[in-house]
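From a predicted model like this one, the values you see are computed outputs, not experimental measurements.
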Number of protein chains: 2
Amino acid sequence: MSRPKRATIVDVARMAEVSAKTVSRVVNNEPHVTEAVKTRVHEAMRALRYHPNVAAQGLVRSRSYLIGLVYEKPSPSYVVELQKGALERLHGERFRLVVLPVESVTEREEEIIALLRSAALDAVLLAPPASDNAALMRELREGGMPFARISPTRLLGNGPSVAMDDVAAAQEAAEHLISLGHRRIGVIKGDPSHAAADARLVGTMQALTKAGITLHPELIESGLFTFDSGLAAARRLLALNPPPTAILAQNDDMAAATIAAARECGLHVPEDLSVVGFDDSDISRVVWPPLTTIRQPVEDMAYRAMDMLLHVLKGEPEGGDIHLAHELLIRRSTAPPRAN
Amino acid sequence: MSRPKRATIVDVARMAEVSAKTVSRVVNNEPHVTEAVKTRVHEAMRALRYHPNVAAQGLVRSRSYLIGLVYEKPSPSYVVELQKGALERLHGERFRLVVLPVESVTEREEEIIALLRSAALDAVLLAPPASDNAALMRELREGGMPFARISPTRLLGNGPSVAMDDVAAAQEAAEHLISLGHRRIGVIKGDPSHAAADARLVGTMQALTKAGITLHPELIESGLFTFDSGLAAARRLLALNPPPTAILAQNDDMAAATIAAARECGLHVPEDLSVVGFDDSDISRVVWPPLTTIRQPVEDMAYRAMDMLLHVLKGEPEGGDIHLAHELLIRRSTAPPRAN
DNA sequence: CCTCGTGCTGGGAACGTTTCCCCATTTCTA
DNA sequence: TAGAAATGGGGAAACGTTCCCAGCACGAGG
């Protein structure tokens, strides 16, 4: 689309018999141009198939019209929803989305920062756990690079963000199990480097405490938000004596793994074991039985975060911390415990 | 990372006491620079935290260092693997990946082309079904924009591509069912706008014909590669009298849906119904029983396609059509039919 | 009739690199 | 030893756009 020498602004200017400057004004919808001139320029643009050269615009305006999306190998459905929401908002804007997945293991903050620096971005969208990384945010601020945060769990008031209330959501999920009659409830935590894992545990414990239930440490297992890690954690929980009658997994992938682990032990879900997930990702409807889960509006969150970012880029004052509502979706993986 | 006036090449030149031209040579690893000068420049670069301005480079070299990835709302796991492979190859290169999902419904070829044109890309990676779109490829060629194709099924010899043999793979899957003793085999096709859907059907029919089995049209249902569409198609197939003893779904999402539909009818998989999927996506291991499926090396394919694209961008001659091997993974969703 | 604002337009200088062309010095070849 | 070739370096133009500033017409008010 570019090699066979594209039309430049002076070609258009020559054809429309105006100056390059005027063409620029027309392209950017600036005032001080007569209607007649405007239409003449538009015709010339169409005839020459003129498209402004983004690199040149970027050079003089010191803008690259690129927005980065930083995330760390979460579940596929999460990534896709994130991208969908961000792109949806970008539709019709001249900004483009550059994906920047980072490996927590190999890449340290400095490397991420170097990556961002060399990528020449105008702004970044930070998904967890980058959205909770204080050092990263400080660097960004010092570097003058605008950012917005998705699902931060701490350090609020630190730039625009969109989140849901992980604590309240986890509390609600646990209360659902308690109200069904469960007393011995296992928890599978997510990746400890995600602050959401702690927030969700706190919510769970609040519900249990309120109901007068003490959560034995043996009932808390840690995973990494992946199916395989969830499988291992669920196996450990189900090997306890007595095993829990319900398991609260901190995302759907690990909840699905819990169902698989239960099947291995010959347990039926939900008769022998209730399972609750988190996120309402695709996987929650694909497994059997479909998962009771917390709906987290990831796509909306990404959309809103991108919206706030665009506002900042337009020079408007920075937005604050936004909360989006969650929702407990009761499907078929939870039931009262078997009476024994 | 950019607003507080970054160091420019002349700052570095001044500090290292050489000309801007020399700095440029060092940055680009060109010859004609003494070691001593080179280290002096490197030191200055580090001290000033100099990073070349991509926009300026792009302007003079007429390169944007952006590569687009065009795909059309396929399953999340497919997208993620695609991106993973492409990014893996891009690691260490200066090119960045811009994601360009397109809606087949709303966007027609011209809009896609306009999108690419305005995105100022250096090259594009085409995933299905864009990789089979003749008009799109013609436009790209005329516009001088290099491209590489992922999983094309027709119009080969039309630019570098990486694919697997859909026909042979589908044939192998069908032969597996036949060898188990199945004779009444249902097929759930994928989105008709993907040429792979036809190729996989052809392979299936080849296997059946070879075994002397005629495939009744009533046994062929169409889906859209999504779980929901697969659910509806599977329900229709299972409502037949007699129902098929095995169903071959053209991707894993629809195969998972088939298992769900079977459960609705009170059928057990694989005792009452064998199910075969396609792709070996995450979902195939998450459902119960785990799916017998064809492993499609999506990540490798994206990696190789990106590799070929980079070769073209370096001015080397265009590669041809590459084939990657598939593999039939026999898991627990297939078994001999119940004797009746 | 002169002046003064106001709306439209153009000239020229940036923006930060690379590249073309040039010169001086060193090294190799015959 | 002379000439050719290679090496190390610099000056200035170019890439395509936007932005600052000035100029020009036109109508209104004195």
When the distance from [atom1] of [X] to [atom2] of [N] is rounded to whole Å, what number comes out?
X	N	atom1	atom2	result
A/H51	D/dC15	NE2	C1'	19 Å
A/Q57	C/dA14	CD	C1'	16 Å
A/K21	D/dC19	NZ	C1'	6 Å
A/R14	C/dT9	CZ	P	19 Å
A/E35	C/dG7	CD	C1'	14 Å
B/D11	C/dT17	CG	P	9 Å
B/E30	D/dG9	CD	P	13 Å
B/N28	C/dG16	CG	P	17 Å

Between [X] and [Y] (salt bridge meaning N to carboxylate O under 4.0 Å), is one present in this structure?
X	Y	value
A/E35	A/K38	yes
A/R141	A/E318	yes
A/R14	A/D11	yes

Item to check | Side-chain-base donor-acceptor pair under 3.5 Å for B/R25 and D/dG8 | outcome: no
Next on the checklist: Checking the side chain of B/D132 only, and the main-chain atoms of B/R154 only, is there a donor and an acceptor separated by less than 3.5 Å?
Outcome noted: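 Judged by distance alone, yes, a pair lies under 3.5 Å.
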Any [X] side-chain nitrogen or oxygen under 4.0 Å from OP1 or OP2 of [N]:
X	N	value
B/Y50	C/dT17	yes
A/T8	D/dT17	yes
B/N53	C/dC15	no
A/T22	C/dT9	no

Closest listed nucleotide, where the reference is the side chain of [X] and the choices are [options]:
X	options	answer
A/V33	C/dT18, C/dT9, C/dT17	C/dT9
B/T34	D/dG8, D/dT17, C/dC15	D/dG8
B/R61	D/dG16, C/dT19, D/dG9	C/dT19
A/V60	D/dT18, C/dG10, C/dT17	D/dT18

Item to check | Nearest-0.5 Å distance, CD of residue A/E17 to OG1 of residue A/T22 | outcome: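 Between A/E17 CD and A/T22 OG1, I get 12.5 Å after rounding to 0.5 Å.
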Checklist entry - Is B/V37 touching bases, backbone alone, or none of the nucleic acid, heavy atoms closer than 4.0 Å? => result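 Sugar-phosphate, no base atom in range.
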Next on the checklist: Taking any heavy-atom pair under 4.0 Å as a contact, classify A/V18: base, sugar-phosphate, or nothing.
Outcome noted: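 Sugar-phosphate, backbone atoms only, no base.
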Next on the checklist: Can you work out whether B/A20 or B/L59 has the more 5'-proximal nearest nucleotide on DNA chain D?
Outcome noted: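 On the 5' side of the pair lies B/A20.
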